[in-house]
Number of protein chains: 2
Amino acid sequence: MVMEFLDERSKQILYAVVQSYISKPDPVGSRFVTKKYSFGFSPATVRNIMADLEDLGFLSQPHTSAGRVPTDKGYRFYVDSIMGVREAGEFDSENGDFVRQFAKKIENIRSDVNNMFVEVTNSLSMMSNYIGVVTPPRAEKTIFNRIDFIRYKEDKVVAILLTEEGVIKNKIIGVDPGLKQDDLNRIADYLNTEYSGQTIDEIKNLLVKKAYREKALWDKLIARAIKIYEQAIAFTEDDVYVSGLYDVMNLPDFSDISKIREISKAIKDKHIILKFLDELSDSEGVHVFIGNENPVEEMKNLSVVASTYKEKERPMGVIALIGPTRMDYSKAIYMVDTIAKCISRTFD
Amino acid sequence: MVMEFLDERSKQILYAVVQSYISKPDPVGSRFVTKKYSFGFSPATVRNIMADLEDLGFLSQPHTSAGRVPTDKGYRFYVDSIMGVREAGEFDSENGDFVRQFAKKIENIRSDVNNMFVEVTNSLSMMSNYIGVVTPPRAEKTIFNRIDFIRYKEDKVVAILLTEEGVIKNKIIGVDPGLKQDDLNRIADYLNTEYSGQTIDEIKNLLVKKAYREKALWDKLIARAIKIYEQAIAFTEDDVYVSGLYDVMNLPDFSDISKIREISKAIKDKHIILKFLDELSDSEGVHVFIGNENPVEEMKNLSVVASTYKEKERPMGVIALIGPTRMDYSKAIYMVDTIAKCISRTFD
DNA sequence: TATTAGCACTCTCATCATGAGAGTGCTAAT
DNA sequence: ATTAGCACTCTCATGATGAGAGTGCTAATA
């Protein structure tokens with residue numbers, strides 16, 4: 001962000017190297033740059049500039065007589081200060097009418113939110129050739145629509161929680177066998193009429209507060225409601241949708257077995273990804289983590305481009321792409337951003 | 001099954017080769033066999049026998065001066081006629097009190113069936129180092145416990161289907177906006193009182209039959225019930241639980257990148273696996289598919305060991321292990337079999 | 001003074017030859 | 001019927017060689 005101190009020429013060269021390396025992961029040499037991008041310089045001049053860029057830490061050499069390769073810092077500068085984000089028109093001409101197609105697709109499966117996320121994740125990875133990740137709306141942040149309890153066997157009840165977004169959660173909870181279906185209905189009615197429209201988390205707080213404030217009114221109903229509600233919303237799951245490991249294996253970056261192991265390990269424990277992405281879900285806009293900038297140890301050799309999608313201005317979840325540091329950032333940012341907005345729109 | 005014509009010595013040698021190759025994927029030579037397993041033969045004799053086994057198609061040589069490697073046919077004979085299935089005691093001493101541990105584990109999460117399948121799949125792959133696969137009970141075969149409809153937005157209804165096994169399915173379906181909650185309740189009541197205890201599929205047939213037979217009685221309620229029920233049970237999902245790709249990558253068999261691609265491709269399209277395993281779910285016992293015996297093209301280089309689990313004698317779903325043809329069949333069969341029985345037991 | 005041509009130098013990579021090692025198949029002896 | 005002996009084959013690790021690509025430095029140039 002700060003390092004605006006590169007002169008125009010250096011930027012051009014850095015741009016050329018990054019672009020070239022992104023499109024093909026071979027170290028790029030001075031001669032190649034002069035030929036492919038016809039700036040007015042000779043290879044010798046480019047060599048000098050490259051040497052400077054290397055001193056600054058933007059480029060590095062795999063070995064003495066190889067071309068240059070961007071470093072994480074180089075990508076960072078490229079992303080911040082050189083690269084233009086792709087425009088819709090430009091992108092669509094490469095990819096067909098991408099945005100419209102996509103919008104249509106999710107419109108069709110809008111009604112089944114789960115399924116929608118699966119589809120989005122698949123589309124993401126297929127269109128980008130990177131790994132697509134989508135986190136569904138965090139339960140706590142979604143808006144309560146209604147809850148229902150259905151008796152199931154003697155001492156068990158199925159709690160069905162509906163959110164305004166159309167996410168359906170269900171869970172079998174154990175209850176006092178004395179609790180009749182009538183009681184359950186009363187508890188459900190109580191919750192549904194009093195609290196519809198609040199977020200799941202708010203309701204929890206309100207319930208607890210109410211219990212304290214109105215100790216006098218404290219009756220069995222509310223006590224039971226709190227207890228059962230807390231059980232019902234304690235969804236254990238850390239569900240994240242991840243897709244595209246197979247596609248990513250076809251990238252030359254992962255032609256090495258150890259690289260594949262690495263990336264598999266990174267996405268194996270979904271709760272690690274979830275935790276990482278969850279922290280983003282409070283902030284807006286597109287986030288880019290390049291290689292070692294990445295907070296997750298397992299991803300120090302990968303890059304992540306992520307954006308939050310929202311419902312009525314409140315961030316709900318995250319959609320992201322994971323790929324090699326040699327990522328087409330421009331495209332990735334465009335895709336993640338566009339799709340996030342697309343999803344936000346369907347939620348409104 | 002048929003080829004019982006090998007003499008004892010040949011069997012011993014084949015056994016030795018397979019065992020040795022399973023424990024370490026190096027072609028096994030005549031000298032090695034005589035040293036490791038002290039039968040009374042000299043290497044030369046073993047060589048002769050091996051040559052015979054090769055003529056019969058049980059062994060093959062990677063190249064002239066290498067040792068022998070079992071063929072698919074060799075494994076098949078080994079599995080059918082030579083190998084003993086591991087005994088509980090024997091296995092447990094290697095793996096701690098495996099069965100008991102496992103039984104305990106699934107008992108704990110019994111109430112949440114989905115979660116249980118996730119856990120089972122993970123345990124399978126972790127304990128075996130192969131890929132664990134579990135198919136949940138096929139919706140059509142499960143026993144209907146009850147269905148409920150909850151109004152959601154103007155023209156949408158959430159159908160909640162409970163099965164006797166504790167599987168909960170939900171789906172948002174579109175309905176005639178004129179349908180009141182009262183109507184929905186009546187439909188639900190009708191289905192719940194009339195059809196509880198039948199399988200999902202049977203109910204569908206019964207409903208249709210009823211509609212035909214009692215044309216006179218044909219009323220709006222039944223018509224609606226059929227329509228809405230059919231929508232509700234049309235669960236699109238092909239959900240299969242798969243786990244262990246990462247673990248399997250540490251096997252020497254998959255040290256080659258193309259092998260990994262292959263296996264990834266095989267398990268990428270879950271509906272392929274599902275379709276394949278589904279066909280097994282009508283039959284009982286443990287099934288073993290070795291390499292090219294495999295009906296799925298993508299798995300011609302892999303082996304599959306599968307068994308069905310049952311509820312009250314009716315096969316419900318399949319649990320399986322996918323690994324290299326050089327699989328520890330004895331262990332795999334034992335594991336799959338035991339776990340399937342374990343699950344069957346908890347369902348009763 | 002900034003750029004560039006020229007050139008020696010470095011490093012990789014593919015190719016080839018070499019030889020040790022492992023294992024075989026065959027023949028002749030037991 | 002089995003086995004010892006031996007020539008033979010194939011792989012694999014090692015090292016040498018040379019082409020190719022790209023650099024850094026120096027001296028010439030605009």
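Note on naming: letters A, B, ... go to the chains in the order of the sequence lines (proteins, then strands), and numbering restarts at 1 for each one.
Taking atom CZ on B:Arg31 and atom C1' on C:dA22, their separation rounds to 10 Å, with Å as the unit. Rounded to an integer number of Å, the gap from CD of A:Glu54 to P of D:dT23 is 10 Å. When rounded to the nearest whole Å, the span between CG of A:Asp26 and P of D:dA21 equals 12 Å. The nearest whole Å value for the distance from the CG atom in A:Leu53 to the P atom in D:dG22 is 18 Å. Whole-Å rounding puts the B:Asn48 CG to C:dT27 C1' distance at 12 Å. Across the protein-nucleic acid pair, A:His63 atom NE2 and D:dT23 atom C1' stand 11 Å apart, rounded to whole Å. Between the CD atom of A:Gln61 and the P atom of D:dG22 there is a distance of 11 Å, rounded to whole Å. Rounded to a whole Å, the CG atom of B:Leu59 is 16 Å from the C1' atom of C:dG25.
Contact annotation: B:Arg47 does not reach the phosphate of D:dT3 (side-chain N/O to OP1 or OP2, under 4.0 Å). Within the structure, every side-chain polar atom (N or O) of B:Ser42 is placed at least 4.0 Å from both OP1 and OP2 of D:dT2. At C:dT4, one or more side-chain N or O atoms of A:Thr45 fall inside 4.0 Å of OP1 or OP2 (strictly under the cut-off). The side chain of B:Arg68 contributes an N or O atom lying less than 4.0 Å from OP1 or OP2 of C:dT24. In terms of phosphate contacts, A:Arg9 brings a side-chain nitrogen or oxygen within less than 4.0 Å of OP1 or OP2 of C:dT3. Contact check, B:Ser30 against C:dT24: a side-chain N or O comes under 4.0 Å of OP1 or OP2. Residue B:Thr64 places at least one side-chain N or O closer than 4.0 Å to OP1 or OP2 of D:dC10.
Every residue meeting the salt bridge (charged side-chain N to carboxylate O under 4.0 Å, His left out) condition with A:Asp26, not counting sequence neighbours, appears here in chain and number order: A:Lys24.
Checking D:dA13 for Watson-Crick or G-U wobble geometry (two distances, each under 3.5 Å) identifies C:dT18 as its partner. Using the Watson-Crick or G-U wobble rule with both distances under 3.5 Å, C:dG23 pairs with D:dC8. With a cut-off of 3.5 Å on both Watson-Crick or G-U wobble distances, the partner of C:dT30 is given as D:dA1.
A salt bridge does not link A:Lys259 to A:Asp253: none of the charged nitrogens lies less than 4.0 Å from a carboxylate oxygen. The pair A:Asp80-A:Arg76 counts as a salt bridge, with a side-chain nitrogen and a carboxylate oxygen less than 4.0 angstrom apart.
Of all heavy-atom pairs between A:Met50 and A:Val33, the closest is CE-CG2, 4.0 Å.
For B:Phe58 and B:Tyr75, the gap between ring centers reaches or exceeds 6.0 Å.
Ranked by how close their nearest DNA chain D nucleotide is to the 5' end, B:Gly40 and A:Ala44 are led by B:Gly40.
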